Amino acid sequence: MMFPYFSLLGSDEKTYTLSSFSGKKVVFYFYPKDDTLGCTLEAKGFRDAASKYSKLDAMIVGISPDENESHCKFMDKYDLNFLLLSDPEKKLIGELGLWVEKSMYGKKYFGVARTTYLVDETGNILHVWESVKPEGHAEEVLEFVQATT
């Protein structure tokens, strides 16, 4: 199954589409919000494992509804060494069914379902992780990438 087409602004102010990543395996990880506890844990895990992904010719790309300005602050604060994409209109997030109703302390609200996709060099989805727990996730995905290399 192919990962859907998209056109999103990156933290480097460039516009990216699925074809921008052809020729590499890509870990697209979707997260709710910059600089929140779980999202920071997850991002730091990917940051710390980035060189291992790179050796496997795989890229890490984080995607959230946050605007680029927020992404840049998040990246600077935690020295993140991978690309973040902004999906403020939730086009890709919605197409993947990741904009869902959530509940916290009895209050219902909509947010991003923390989900990760591993996509191959031609845009095919190799694996999907749903209901991701932030801690240890980067290593879990890395083990899978190593097994497919």
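Note that the structure is a prediction, hence the values are computed from the model and not measured. Just the heavy atoms: all of them, side chains too, but no hydrogens, waters or symmetry mates, feed the values below.
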Legend entry - Derivation and outcome, side chain to side chain contact (heavy atoms under 4.5 Å, CB included), residues E140 and L142: CA-CA 5 Å; E140 175 189 11; L142 181 64; over 6 Å; no
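- The hydrophobic clustering, which links ILVMFWY residues whose side-chain heavy atoms are closer than 4.5 Å, places M75 and L8 apart.
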Inset, instruction - Starting from the C-alpha separation in whole Å, work towards a yes-or-no answer on salt bridge (Lys or Arg N to Asp or Glu O under 4.0 Å) for E42 and R114. - result: CA-CA 10 Å; E42 188 175 20; R114 194 182 302 276; 2.7 Å; yes
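- M2 and V61 fall within a single hydrophobic cluster, where Ile, Leu, Val, Met, Phe, Trp and Tyr side chains are chained together by heavy-atom contacts under 4.5 Å.
- Within 6.0 Å of NZ in K52 there are 12 or fewer heavy atoms belonging to other residues, nucleotides or ligands.
- Between Y109 and M104 the shortest side-chain heavy-atom distance falls below 4.5 Å.
- Side chain of D87 to backbone of P65: no donor-acceptor contact under 3.5 angstrom is found.
- Closest approach of L56 and Q146 over heavy atoms only: CD1-CG, 3.3 Å.
- Minimum heavy-atom separation, K133 to H137: O-CB, 3.4 Å.
- Heavy atoms from other residues, nucleotides or ligands lying under 6.0 Å from CE of M1 number 12 at most.
- Atoms NZ and CG, on K73 and N68 in that order, are 12.0 Å from each other to the nearest 0.5 Å.
- Between L96 and P4, some side-chain heavy-atom pair lies under the 4.5 Å cut-off.
- No more than 12 heavy-atom neighbours from other residues, nucleotides or ligands sit within 6.0 angstrom of CD on E135.
- Taking the six-membered ring for Trp, F30 and F28 have ring centres at least 6.0 Å apart.
- Here the CD atom belonging to E95 is positioned 15.5 Å from the NZ atom belonging to K90, to the nearest 0.5 angstrom.
- Both I125 and V112 belong to a single network of hydrophobic side chains, linked directly or stepwise wherever heavy atoms of I, L, V, M, F, W or Y lie under 4.5 Å apart.
- Between F3 and F21, a ring centre-to-centre spacing not shorter than 6.0 Å is recorded.
- The main-chain N or O of L85 is found under 3.5 Å from a side-chain atom of H71 such that the two form a donor-acceptor pair.
- Put simply, the side chain of C39 reaches to within 4.5 Å of the side chain of P32, judged on heavy atoms.
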Legend entry - Pair D120-K25, salt bridge (Lys or Arg N to Asp or Glu O under 4.0 Å): steps then yes or no: CA-CA 4 Å; D120 75 8; K25 282 185 181 154; over 6 Å; no
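- Under the 3.5 Å distance criterion, the side-chain polar atoms of T17 are left unmatched by any main-chain donor or acceptor of S7.
- Scanning both residues, A58 and V145, for their nearest heavy atoms gives CB-CG1, 4.1 Å.
- Atoms OG1 and CD, on T148 and E143 in that order, are 12.0 Å from each other to the nearest 0.5 Å.
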Inset, instruction - Start with the C-alpha gap between I60 and Y29, add the side-chain angles, then the distance that decides, and say whether side chain to side chain contact (heavy atoms under 4.5 Å, CB included) holds. - result: CA-CA 8 Å; I60 302 161; Y29 85 92; 4.0 Å; yes
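- From D66, atom CG reaches atom CG of L84 across 9.0 Å, with rounding to the nearest 0.5 Å.
- V27 has its side chain within reach of T116: a pair of non-hydrogen atoms, C-beta onward, lies under 4.5 Å apart.
- In summary, D79 and R47 do not engage in a salt bridge, as defined by a charged side-chain N under 4.0 Å from a carboxylate O.
- Residues L92 and I63 form a side-chain contact, since some pair of their non-hydrogen atoms from C-beta on lies under 4.5 Å apart.
- Heavy atoms of other residues, nucleotides or ligands lying less than 6.0 angstrom from CD of E69 number 12 at most.
- Classification of the F46-Y53 ring pair by plane angle, with boundaries at 30° and 60°, yields tilted.
- Aromatic pair Y117/W129: centroids not less than 6.0 angstrom apart.
- Of all the heavy atoms in S70 and D34, the pair that sits closest is OG-OD2, 2.8 Å.
- Under the 4.5 Å side-chain heavy-atom criterion for Ile, Leu, Val, Met, Phe, Trp and Tyr, V26 and F144 are members of distinct hydrophobic clusters.
- Side-chain contact check for V119 versus N124: every heavy-atom pair is 4.5 Å or farther apart.
- To the nearest 0.5 Å, atom OG of residue S86 and atom CD of residue E67 are 6.0 Å apart.
- In this structure the side chain of F6 reaches within 4.5 angstrom of the side chain of L18, judged on heavy atoms.
- Grouping the Ile, Leu, Val, Met, Phe, Trp and Tyr side chains by contacts below 4.5 angstrom, directly or via other members, places L83 apart from Y31.
- T36 contributes no side-chain N or O that, together with a main-chain N or O of G38, makes up a donor-acceptor pair within less than 3.5 Å.
- With values rounded to the nearest 0.5 angstrom, M59 atom CE is found 9.0 Å from S20 atom OG.
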